[in-house]
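This structure is a prediction, so every number in the text was calculated from the model and none was measured. Numbers restart at 1 for each chain; the letters A, B, ... are given by sequence-line order, proteins then strands.
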Amino acid sequence: MSVKHQAPRGTRDLLPDETPLWRWAEAAARGVLERYGYGEIRTPMFEDYELFARTAGESSDVVQKEMYRFTDLGERQLALRPEFTAGVMRAWLESGLGGRARVHRLWSAGPVFRYGRPAKGRYRQFSQLNCELVGSAAPGADVEMITLFVDLYEAWGFRDLIVLVNSVGQPASRRAYGERLREVFAPHREALSADSQQRLETNPMRILDTKDEKDLALLATLRANNALPTLLDSIDEADRAHWDAVLAGLEAAGVRYEVDHGLVRGLDYYTRTAFEVHDRSLASQSALGGGGRYDGLIEMLGGAPTPGVGFAIGMDRTLLVLQQRGIQAASGDVVCLVAMEGTRAAATALARELRREFTVECDVEARGFSAQMKTAGKSGARFLVILGEDEWARGEVALKDSRTGTQQTLARIGLADALRALTQETWKQGEAL
RNA sequence: GUGGGUGUAGCUCAGCUGGCAGAGCAUCGGGUUGUGGUCCCGAGGGUCGGGGGUUCGAACCCCCUCACUCACCCCA
């Protein structure tokens with residue numbers, strides 16, 4: 001098996017046995033989004049490099065080492081989108097949406113690109129479902145976002161979901177908190193892992209979600225002595241009030257959440273509320289989705305100060321979990337036509353007619369009767385319509401239900417009616433369950 | 001990006017110390033040109049991920065490379 005080309009590293013093909021689950025999940029999501037009153041916005045898959053570099057933060061990992069950056073033939077500096085929000089906000093500004101109404105509810109879906117070492121659940125091209133609520137600074141907006149976030153997962157069958165929430169405050173308070181952490185850890189520098197000593201310089205908040213045993217032990221000791229401040233202790237009064245209101249709103253909405261003091265988002269533009277959902281079954285790539293508030297972003301892009309909240313859901317990982325749980329998209333009944341030597345021509349016409357209403361398979365290779373029957377059996381077709389020469393001459397066909405094994409002979413004229421009645425019958429039975 | 005592991009038929013995998021590439025499942029055909037998914041018989045299918053090296057001889061040993069995977073990093 002040595003083919004000349006393979007899919008580029010970190011990309012993959014979704015084959016026909018997988019796409020039904022994707023379509024089902026996408027359809028379920030669209031239903032929820034519609035009922036929440038969100039409108040779809042489609043933006044380019046690439047934008048000016050600077051747009052992403054500035055909004056995500058020059059020092060962020062995404063910008064430092066994960067961007068698909070390129071120069072086009074016109075010498076433009078561009079990048080494949082590593083996330084949706086920056087592009088959506090650019091479109092919002094450029095189209096003047098902000099002037100038409102104060103609040104906008106937007107969603108997008110499609111591929112995003114990040115250059116990183118691939119692993120199960122981490123791809124260089126992956127798919128996100130993205131939502132934004134632009135124009136409201138109210139805690140209720142955060143609550144609606146998180147509620148929508150959870151309801152999407154519930155529409156996909158998740159029941160045991162817990163949202164991790166935190167407040168990352170303002171950039172200034174975040175910096176101040178970082179300094180406080182440096183002071184706290186400085187005396188224990190030698191006790192930290194090499195990674196964390198590095199983080200002490202670059203991003204001390206990352207020490208809080210270390211996986212190193214030594215680090216964890218130190219953190220536990222510090223906590224026990226009340227020597228470890230939390231980010232929540234460092235945020236200002238307004239942020240604190242916002243945070244309390246968000247939690248109260250989540251309680252009221254009946255959303256299960258857990259406060260995670262170590263939760264920090266990877267992009268610099270986040271303010272106040274941050275949230276994520278994880279699934280343990282995905283090993284090291286456990287984040288299924290996350291989001292937060294980005295009150296400074298639009299101003300950063302040259303717009304009037306405008307608040308916003310949003311989230312992104314990683315579809316690949318989410319569907320990976322669904323597949324692991326054995327969830328399959330329901331498929332409809334299939335009708336398979338089986339023709340004889342003298343009825344092949346008639347079968348093509350009948351197939352065409354039935355396909356106005358039913359899913360119909362029909363042999364195109366003029367294969368023998370027995371071969372067609374074998375194929376029909378393996379295909380899982382619910383109904384077999386056998387066009388025997390004698391019956392056909394009398395204007396009749398045989399209809400076999402492979403679920404029960406029963407077979408009846410009926411007038412060709414009444415075939416569609418009979419199929420309709422049988423499929424509706426099973427549909428009703430399904431409803432009863 | 002760092003460190004490990006794995007690549008043999010469409011799939012899951014055997015293949016001993018270097019000596020003619022195998023099995024099961026799947027596919028196709030036949031047994032059965034008017035009743036399948038059971039059974040029986042048969043067939044096709046491989047540059048052993050790719051390139052180089054060592055050797056009389058390499059799936060096996062060495063180097064490089066590509067891909068996947070696990071743990072980190074980071075996140076979706």
[X] has an atom [atom1]; how far is it from atom [atom2] of [N], in whole Å?
X: A:His5; N: B:G50; atom1: NE2; atom2: P; result: 16 Å
X: A:Leu337; N: B:G36; atom1: CG; atom2: P; result: 18 Å
X: A:Leu384; N: B:G37; atom1: CG; atom2: P; result: 12 Å
X: A:Tyr270; N: B:C75; atom1: OH; atom2: P; result: 11 Å
X: A:His278; N: B:A76; atom1: NE2; atom2: P; result: 9 Å
X: A:Leu399; N: B:G34; atom1: CG; atom2: P; result: 20 Å
X: A:Glu361; N: B:G37; atom1: CD; atom2: C1'; result: 14 Å
X: A:Glu83; N: B:C74; atom1: CD; atom2: P; result: 18 Å

Does any residue of residues 109-126 of chain A have a heavy atom under 4.0 Å from RNA chain B, and if so, which ones, in number order?
-> A:Arg114, A:Arg117, A:Ala119, A:Lys120, A:Gly121, A:Arg122, A:Tyr123, A:Phe126
Going by number, which of residues 309-325 of chain A have a non-hydrogen atom under 4.0 Å from RNA chain B?
-> A:Gly314, A:Arg317
Say we look at [N] and [M]: how far apart would their [atom1] atoms be, to the nearest angstrom?
N: B:G46; M: B:G4; atom1: C1'; value: 30 Å
N: B:G44; M: B:U38; atom1: C1'; value: 24 Å
N: B:C48; M: B:C61; atom1: P; value: 15 Å
N: B:C74; M: B:U6; atom1: P; value: 28 Å
N: B:C68; M: B:G30; atom1: C1'; value: 40 Å
N: B:C13; M: B:A26; atom1: C1'; value: 14 Å
N: B:C60; M: B:G22; atom1: C1'; value: 15 Å
N: B:G19; M: B:A58; atom1: C1'; value: 10 Å

Per [X] side chain, nearest of listed nucleotides [options]:
X: A:Glu66; options: B:G37, B:C74, B:U35; value: B:C74
X: A:Arg206; options: B:C74, B:G37, B:A76; value: B:C74
X: A:Glu391; options: B:U35, B:G34, B:C75; value: B:G34

Please write out each protein N/O paired with an N/O of nucleotides 64-66 of chain B under 3.5 Å, distance rounded to 0.1 Å.
| unit_1 | atom_1 | unit_2 | atom_2 | d |
| --- | --- | --- | --- | --- |
| B:C66 | O2' | A:Gln6 | OE1 | 3.1 |

Option from A:Trp92, A:Tyr294, A:Trp107 for which side-chain hydrogen bond (donor to acceptor under 3.5 Å, both in side chains) with A:Glu132 holds =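 Among A:Trp92, A:Tyr294, A:Trp107, the one that satisfies the side-chain hydrogen bond (donor to acceptor under 3.5 Å, both in side chains) with A:Glu132 is A:Tyr294.
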Please determine, for [N], whether a Watson-Crick or G-U wobble partner exists with both distances under 3.5 Å, and give it or none.
N: B:U33; answer: none
N: B:A43; answer: B:U27
N: B:C56; answer: B:G19
N: B:A71; answer: B:U2
N: B:G7; answer: B:C66

Reckon [X] touches a base, only the sugar-phosphate, or nothing at all at heavy-atom distances under 4.0 Å?
X: A:Gln407; answer: base
X: A:Gly291; answer: nothing
X: A:Arg12; answer: nothing

Would you say the side-chain atoms of A:Arg81 pair up with the backbone N or O of A:Pro111, donor to acceptor, closer than 3.5 Å?
->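 Between the backbone of A:Pro111 and the side chain of A:Arg81 there is a qualifying donor-acceptor contact (under 3.5 Å).
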Who passes side chain to side chain contact (heavy atoms under 4.5 Å, CB included) against [X], sequence neighbours left out?
X: A:Leu222; answer: A:Val184, A:Phe185, A:His188, A:Leu218, A:Ala227, A:Leu228
X: A:Glu299; answer: A:Pro305
X: A:Lys65; answer: A:Asp61

Write down the protein N/O and nucleotide N/O pairs, taken from nucleotides 25-33 of chain B, whose separation is under 3.5 Å; answer none if there are no such pairs.
| unit_1 | atom_1 | unit_2 | atom_2 | d |
| --- | --- | --- | --- | --- |
| B:G29 | OP1 | A:Arg367 | NH1 | 3.2 |
| B:G29 | OP2 | A:Arg367 | NH1 | 3.4 |

Nearest heavy atoms of [X] and [Y], plus distance in Å:
X: A:Leu21; Y: A:Ile327; answer: CD1-O, 3.9 Å
X: A:Phe84; Y: A:Gly110; answer: CZ-N, 3.6 Å
X: A:Phe52; Y: A:Glu83; answer: CE2-O, 4.0 Å
X: A:Glu154; Y: A:Arg159; answer: O-NH1, 3.0 Å

Scan the side chains in residues 28-48 of chain A for donor-acceptor partners under 3.5 Å anywhere in the protein, sequence neighbours excluded, and list what turns up.
| unit_1 | atom_1 | unit_2 | atom_2 | d |
| --- | --- | --- | --- | --- |
| A:Arg35 | NH1 | A:Gly31 | O | 3.3 |
| A:Tyr36 | OH | A:Asp151 | OD2 | 2.6 |
| A:Tyr38 | OH | A:Glu144 | OE2 | 2.7 |
| A:Glu40 | OE1 | A:Arg42 | NH2 | 3.4 |
| A:Glu40 | OE2 | A:Arg42 | NE | 2.8 |
| A:Glu40 | OE2 | A:Arg42 | NH2 | 3.3 |
| A:Glu47 | OE1 | A:Arg90 | NH1 | 2.8 |
| A:Glu47 | OE2 | A:Arg90 | NH1 | 2.5 |

Please identify each residue that fulfils salt bridge (charged side-chain N to carboxylate O under 4.0 Å, His left out) with A:Glu361, with sequence neighbours left out.
->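 With sequence neighbours excluded, A:Glu361 shows a salt bridge (charged side-chain N to carboxylate O under 4.0 Å, His left out) to no residue whatsoever.
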Please list, one pair per line, the donor and acceptor atoms closer than 3.5 Å that link side chains of residues 345-353 of chain A to other protein atoms, with sequence neighbours excluded.
| unit_1 | atom_1 | unit_2 | atom_2 | d |
| --- | --- | --- | --- | --- |
| A:Thr348 | OG1 | A:Ala345 | O | 2.7 |
| A:Glu353 | OE1 | A:Arg412 | NH2 | 2.9 |

Contacts of type side-chain hydrogen bond (donor to acceptor under 3.5 Å, both in side chains), residue A:Arg420, not counting sequence neighbours | A:Glu357, A:Asp417
Listed by chain and number, what are the side-chain hydrogen bond (donor to acceptor under 3.5 Å, both in side chains) partners of A:Asp72, not counting sequence neighbours?
->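 Checked A:Asp72 against side-chain hydrogen bond (donor to acceptor under 3.5 Å, both in side chains); matches are A:Arg76.
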Distance-only polar pair, side chains of A:Asp215 and A:Ser196, donor-acceptor under 3.5 Å =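 Checked: A:Asp215/A:Ser196 side chains pair up, N/O donor to acceptor below 3.5 Å.
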Answer yes or no: is there an ion pair linking A:Glu179 with A:Arg182, defined by an N-O contact shorter than 4.0 Å?
->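 Yes, A:Glu179 and A:Arg182 are salt-bridged.
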